[in-house]
Amino acid sequence: MKEVPKTFLESLNEAQRDPVLHKEGPLIVIAGAGSGKTRVLTYRIANLMASGVDAFSILALTFTNKAAREMKSRIAELVGESEAKNLWMGTFHSVFARILRHEGEKLGFPSNFTIYDTQDSDRLIASIIKEMGLDKDIYKYKQVRSRISAFKNSLITVKAYYNDTDLQEADAMSKRPEMGAIYKEYVDRCFKAGAMDFDDLLLRTNELLNRHPDVLAKYQDRFRYIMVDEYQDTNHSQYLIVRALSDRYQNICVVGDDAQSIYAFRGANINNILNFQKDYDDVALYRLEQNYRSTKTIVNAANSIINHNQTKIDKVVWTANDVGSQIQLNMLSTDAEEGRHVASTIFEHKMQSQRKNSDFAILYRTNAQSRAMEDALRKRDIPYRIYGGLSFYQRKEIKDILAYLRLIVNPKDEESLKRIINYPARGIGQTTVDKLVVASKQFNLSLFETINKARELDLKFNAGTLLKLSDFTLLIQRFQIENEALNAFEMADLVTKKVGFVQELKKDATPEGIARIENVEELLNGMRDFIEGQEELADATGSLSEFLEDVALATDLDKDDDPNSDRVALMTIHLAKGLEFPFVFIVGMEEDLFPSAMSLNTRSELEEERRLFYVALTRAEERAFLSYTLSRYRWGKLIDAEPSRFIEEIDPKYINSIKPKESYQYKPLMDTSIFENESQPKRFFKKPSPKEKTITTPTPTQLKKLREIDQIKPSQSDQEPLKLIEGMEVEHARFGTGIVQSIEGNGNDKKAVIAFKGFGVKNLLLRFAKLKIK
DNA sequence: TGCACCGATGTTTTT
DNA sequence: CATCGGTGCA
């Protein structure tokens with residue numbers, strides 16, 4: 001093992017060095033925004049390893065898988081790749097899912113249990129409500145789901161629920177006396193399906209550790225050093241897991257910032273961090289208060305905001321950085337105007353200070369706000385990437401394929417089965433499925449077993465239906481046999497072909513339909529990449545179940561696209577936690593939007609919104625831009641808006657309020673091409689001028705046409721396909737660089753045959769292929 | 001049983 | 001605006 005370089009410790013300030021050198025016993029690090037807490041965690045782990053602690057006995061729980069990966073690779077730089085690989089590092093959900101794969105059988109779960117996502121849970125709850133004959137307007141499945149989730153996160157099991165008269169009364173008061181019954185049925189059905197939802201991954205881990213002292217002892221002994229990042233956002237269930245695991249050795253290190261607690265809505269309990277010192281004996285407390293990220297203006301402005309909160313640990317975040325520019329505040333008339341303003345400000349700063357697209361981030365409170373930003377960026381030919389929102393794996397066509405794959409791995413998975421039993425249509429309709437569900441309950445079989453035994457159970461199906469049903473089970477069973485020998489990619493490829501997904505999707509020739517086919521291709525490509533990635537890992541097999549677990553717990557942040565793509569980042573503020581950007585735009589600074597209208601009822605909810613604003617502002621390194629509009633589209637209607645109360649809470653000396661200027665009035669109805677021509681000529685055939693070349697350092701991508709499928713409307717004049725010439729070098733978002741071999745067709749049907757390095761020859765419809773000319 | 005159309009309904013935030 | 005579930009017809 002490599003020695004940790006001396007310079008490594010020397011590069012830390014004193015406040016950072018102390019917790020890094022603290023080896024044994026509990027410690028808490030209260031770390032202000034931008035104070036280098038990730039560094040502290042990273043160095044501490046490296047230091048432990050360098051002083052002889054086995055990597056296998058270190059557990060580090062992070063908030064995202066991306067954070068875990070980044071930390072791991074930094075540690076690898078310090079102590080060597082092979083040792084770093086042995087660290088247990090990941091989100092609570094992924095680490096304990098892995099443990100439950102090994103130990104879940106003790107709780108009656110198969111090792112290949114399915115992980116239900118929110119949508120699966122919603123569907124199951126909706127069908128339970130329907131089966132129970134309850135009024136769906138009173139029992140709204142989303143409300144029911146979040147209530148059940150809250151139960152689970154507080155470790156209120158079904159049994160505990162029925163022992164708690166207060167809870168039952170509360171539900172009776174809100175006219176939902178059947179809540180407990182739904183909860184019970186939901187838990188039973190998940191169990192029968194061999195499925196766990198996100199909350200179960202934590203709840204069942206607690207159950208495992210409680211009921212099986214031997215298992216608890218095993219993992220206590222294994223994880224002698226435990227570290228938890230973003231501790232302020234842990235919920236009760238996570239808290240108990242950490243407590244149980246660290247109980248024996250007490251080598252527990254938690255890092256967090258109460259001012260950045262923004263997940264109360266999903267059960268995060270700020271008291272976990274506030275009370276940490278009471279939970280363990282002789283807790284060492286370290287504070288990191290020096291901010292290295294942002295300018296004085298940003299740090300001080302953020303402090304002035306958070307001071308409006310009553311509940312907080314007192315700390316003074318300060319910085320030695322420059323004062324920097326004032327925060328710029330802009331008022332715009334509509335959300336479209338706001339988008340234009342942001343896009344042109346980005347454009348101007350790129351020109352003025354030679355910035356990359358990836359130096360800019362646009363942050364918003366709700367995903368729906370991304371639309372206006374996208375439109376504006378696209379018009380300005382500024383490449384961007386949206387994080388979050390409807391993630392790739394949530395798309396219908398992708399979920400359909402995944403449902404087949406999930407069913408193959410776990411035939412008890414009821415939600416997957418119901419999803420695909422009649423897709424593509426094979427004559428098994430709702431009535432049949434309903435009967436099967438009833439029968440499966442009656443005979444206490446899984447839905448799949450019920451179908452499999454439909455004949456012998458003497459269900460009243462006619463011969464035709466019985467045949468269709470047995471065809472279906474046969475199909476799945478054949479896949480299961482194939483799955484023994486094939487890896488995840490081969491399996492998905494086989495399923496896609498055998499089931500005829502692409503043919504099915506081809507029936508829909510609309511742009512959306514074609515986009516779906518592209519998505520299916522992307523899924524398969526992604527799976528192949530996954531297999532290649534897994535081959536490098538010692539304990540990975542590349543099996544389908546491995547892939548499915550990866551998918552279930554992957555966040556959108558995890559899906560890194562090619563590293564040399566230079567794009568503006570668009571995301572919700574929640575997703576931006578832990579990230580930093582030189583230039584940050586916080587848009588939609590309006591009452592009822594930010595703070596959200598849903599949060600105005602209680603002080604604690606409002607304070608969480610304020611912390612969210614604090615998080616947003618402290619993402620900025622150099623400059624922050626705030627904007628609000630006078631009216632914006634919500635639910636398709638133009639709604640009047642007024643400025644957010646948070647704007648007034650910023651000490652005015654840090655703000656530069658800009659009145660609408662001539663330069664931002666683009667006359668919305670004007671043909672945008674006029675504008676584009678004067679500032680950003682479409683020079684597809686010329687090489688970029690030297691001046692522009694200096695703007696983006698690695699690849700001058702910003703002038704290249706970025707085409708997004710969902711934006712294409714055939715009637716629009718600017719939708720003319722790229723002017724390609726044979727022999728031209730082009731870049732595709734997925735396939736990388738390729739050479740145009742030939743071009744055929746005209747107008748909307750214009751296609752190009754392109755040979756890609758490593759991906760072979762593809763025939764692409766130019767309307768939809770996201771091509772850029774190199 | 002399948003498909004096309006209709007209206008109602010909902011938006012914070014996510015592992 | 002976009003998705004969902006329900007209805008009515010083939």
Side-chain angles (χ1 to χ4, degrees), chain A residues 61-68 90-97 115-119 121-123 126-127 130 136-137 140-143 145-146 149 152-153 196-202 230 233-235 237-238 261-268 363-372 387-391 393-394 396 422-434 462 464-465 468 507 512 549 551-558 571-577 588 592-600 605-606 608-609 611-613 615-616 632-639 710:
Chain A
L61 296 165
T62 57
F63 202 70
T64 62
N65 289 310
K66 188 190 180 200
T91 61
F92 274 89
H93 290 88
S94 57
V95 166
F96 296 111
I115 297 171
Y116 275 176
D117 65 16
T118 308
Q119 203 186 359
S121 301
D122 281 349
R123 284 174 174 237
S127 60
K130 207 171 165 186
K136 69 176 170 58
D137 292 329
K140 305 210 171 182
Y141 63 88
K142 279 186 181 169
Q143 285 178 15
R145 187 241 304 145
S146 70
S149 173
K152 288 184 173 180
N153 284 328
M196 295 196 202
D197 63 21
F198 289 132
D199 305 317
D200 283 331
L201 295 174
L202 308 173
E230 307 282 9
D233 281 323
T234 51
N235 62 35
S237 192
Q238 292 168 322
S261 169
I262 54 174
Y263 280 98
F265 72 92
R266 72 175 207 212
L363 308 181
Y364 34 78
R365 180 65 179 80
T366 67
N367 284 304
Q369 289 167 260
S370 70
R371 203 48 175 273
Y387 295 82
L390 187 38
S391 102
Y393 296 112
Q394 316 254 49
K396 249 187 229 111
N422 203 31
Y423 182 85
R426 47 173 73 88
I428 305 173
Q430 195 57 54
T431 22
T432 309
V433 174
D434 287 347
N462 61 40
T465 306
K468 287 169 190 162
K507 287 180 191 166
E512 293 80 24
E549 175 163 331
V551 164
L553 299 173
T555 48
D556 214 35
L557 228 45
D558 294 331
M571 65 187 87
T572 63
I573 300 164
H574 282 89
L575 233 42
K577 191 174 73 159
D592 291 352
L593 182 60
F594 192 19
S596 157
M598 320 293 280
S599 70
L600 301 177
E605 282 176 305
L606 182 64
E608 175 148 319
E609 294 285 306
R611 289 192 295 268
L612 197 53
F613 184 37
V615 168
R632 82 168 50 236
Y633 277 95
R634 280 179 106 172
W635 308 289
K637 274 192 194 146
L638 204 58
I639 305 282
D710 60 345

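Since the model is a prediction, treat every value here as computed from it, not as a measurement.
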>> Among residues at least two apart in sequence or on other chains, which ones pass side-chain hydrogen bond (donor to acceptor under 3.5 Å, both in side chains) with A:Asn235?
In response: A:Asn153
Shorter than 3.5 Å, N or O on both sides, protein versus nucleotides 2-6 of chain B: list them out with atom names.
from	atom 1	to	atom 2	distance (Å)
B:dG2	OP1	A:Asn422	ND2	3.4
B:dG2	OP1	A:Gly427	N	2.8
B:dG2	OP2	A:Asn422	ND2	3.1

>> OP1 or OP2 of B:dT14 versus the side-chain N and O atoms of A:Thr572: is any pair under 4.0 Å?
In response: yes
>> Which residues pass the side chain to side chain contact (heavy atoms under 4.5 Å, CB included) test with A:Glu605, not counting sequence neighbours?
In response: A:Ser599, A:Asn601, A:Thr602
> Is the distance from OP1 or OP2 of B:dG10 to the nearest side-chain N or O of A:Lys140 less than 4.0 Å?
Replying inline: yes
> Roughly how many Å is it from CG in A:Leu606 to C1' in B:dT13, rounded to a whole number?
Replying inline: 15 Å
> Given atom NZ of A:Lys136 and atom P of B:dT9, what is their separation to the nearest angstrom?
Replying inline: 7 Å
> To the nearest angstrom, how far is A:Asn235 atom CG from B:dT14 atom C1'?
Replying inline: 12 Å
> Who passes side-chain hydrogen bond (donor to acceptor under 3.5 Å, both in side chains) against A:Arg426, sequence neighbours left out?
Replying inline: A:Tyr404
>> Less than 4.0 angstrom between a side-chain N/O of A:Lys142 and OP1 or OP2 of B:dT11, yes or no?
In response: yes
> Just how far, in rounded Å, is C1' of B:dG10 from CD1 of A:Ile639?
Replying inline: 13 Å
> Listed by chain and number, what are the salt bridge (charged side-chain N to carboxylate O under 4.0 Å, His left out) partners of A:Asp122, not counting sequence neighbours?
Replying inline: A:Arg145
>> In this structure, how many angstroms lie between the P atom of C:dC4 and the CD atom of A:Gln394, rounded?
In response: 11 Å
>> Applying ring-ring contact (aromatic ring centres under 6.0 Å, His included), can you list everything that pairs with A:Phe594, at least two apart in sequence or on another chain?
In response: A:Phe613, A:Phe646
> Can you name the one residue among A:Asp197, A:Asp199, A:Thr118 that meets side chain to side chain donor-acceptor pair (under 3.5 Å) with A:Ser149?
Replying inline: A:Asp199
> Given atom CD of A:Glu608 and atom C1' of B:dT14, what is their separation to the nearest angstrom?
Replying inline: 12 Å
> CG of A:Asp137 versus P of C:dG6: gap in Å, rounded?
Replying inline: 11 Å
>> Would you measure the distance from the P atom in B:dT13 across to the matching atom in C:dC4 and give it in whole Å?
In response: 16 Å
>> Looking at C:dA2, I'd like to know if its phosphate oxygens (OP1 or OP2) sit under 4.0 Å from a side-chain N or O belonging to A:Arg371.
In response: yes
> Does A:Asp592 come within less than 4.0 Å of A:Arg634, counting only side-chain N to carboxylate O?
Replying inline: no
> Is the shortest side-chain N/O distance from A:Asn367 to OP1 or OP2 of B:dT11 below 4.0 Å?
Replying inline: no
>> Would you say the base of B:dT13 stacks on A:Tyr263 (centre-to-centre below 5.5 Å, plane angle below 30°)?
In response: no
